[in-house]
Amino acid sequence: MKDERIEQAKNKIRSEMAMIVFIGVVFSFLVKTLILNMSLEECITEYVIMIFFPLYQFIRMHILKVSVYSKSKQSIRNLVITILVLVVISAVVILNSMQESPVYDWQNSVVGVSSFLALFIGIFGVANRYNRYKGHKYEQEFDDDK
C-alpha cells in the first residue's frame, strides 16, 4: 500500500542522496584540480555534472510549476560565502603547491576553478532572476484559481 507519507519519505531520501552525490562530485573536482593538478579536460565529467545538476533542477521545478524563490537575501549570502570559501581554499592549495615545486603549473588550476565559478555564478544569476519572475507569476496564477 502506497500512501502519501511513504511517497514523501522516498522523495526526501532520493533528494538527500542526490545532494550527497553532488557534494561528492564537487569534492572530487576540487581534489583533482587543486591537489592532483589535473587539467580541466581530465575532470570534464565532474565539471559537466556540477554545471548541469542545478540547471536540471531549475528546469524540473519550472516544469512542475514550483518556485523556490524567497524574498530574503539568504541564497545570495550563501552563494557569496561559498565562493569566498572556494577562493580561499583554492588560493591556499595553489600557494602551497607553488612552494613545494618551482615548476608547478598553477595556471591550469586557476583556469579550472575560475571557469567553473564564472559559469556557476552566471547560471545562478539567471536562475534566481527567472525564479523571482516565475514565483510571482505562479502566485498570481494559483491565487486566481480560487
When hydrophobic residues are tied together by side-chain contacts of less than 4.5 Å, even through go-betweens, does F53 share a cluster with L119? yes
What distance do I49 atom CD1 and C43 atom SG have between them, rounded to the nearest 0.5 Å? 11.5 Å
Can V26 be reached from F52 by stepping across I, L, V, M, F, W or Y side chains whose heavy atoms are under 4.5 Å apart? yes
Spell out, yes or no, whether I20 and M50 are grouped together once hydrophobic residues are joined by side-chain heavy atoms under 4.5 Å, including indirect joins. no
Hey, are K32 and E42 close enough for a salt bridge, meaning a charged N less than 4.0 Å from a carboxylate O? no
Single-linkage hydrophobic cluster F22~I44, side-chain heavy atoms < 4.5 angstrom: yes
Listed once per pair and sorted, the salt bridge (charged side-chain N to carboxylate O under 4.0 Å, His left out) pairs that draw on residues 16-27, sequence neighbours left out: none
Over 60° means perpendicular and under 30° means parallel, so tell me whether F29 and Y47 are parallel, tilted or perpendicular. tilted
Under the side chain to side chain donor-acceptor pair (under 3.5 Å) test, residues paired with S15 that sit two or more places apart: none
Transitive ILVMFWY side-chain link L30 to M19, under 4.5 Å: yes
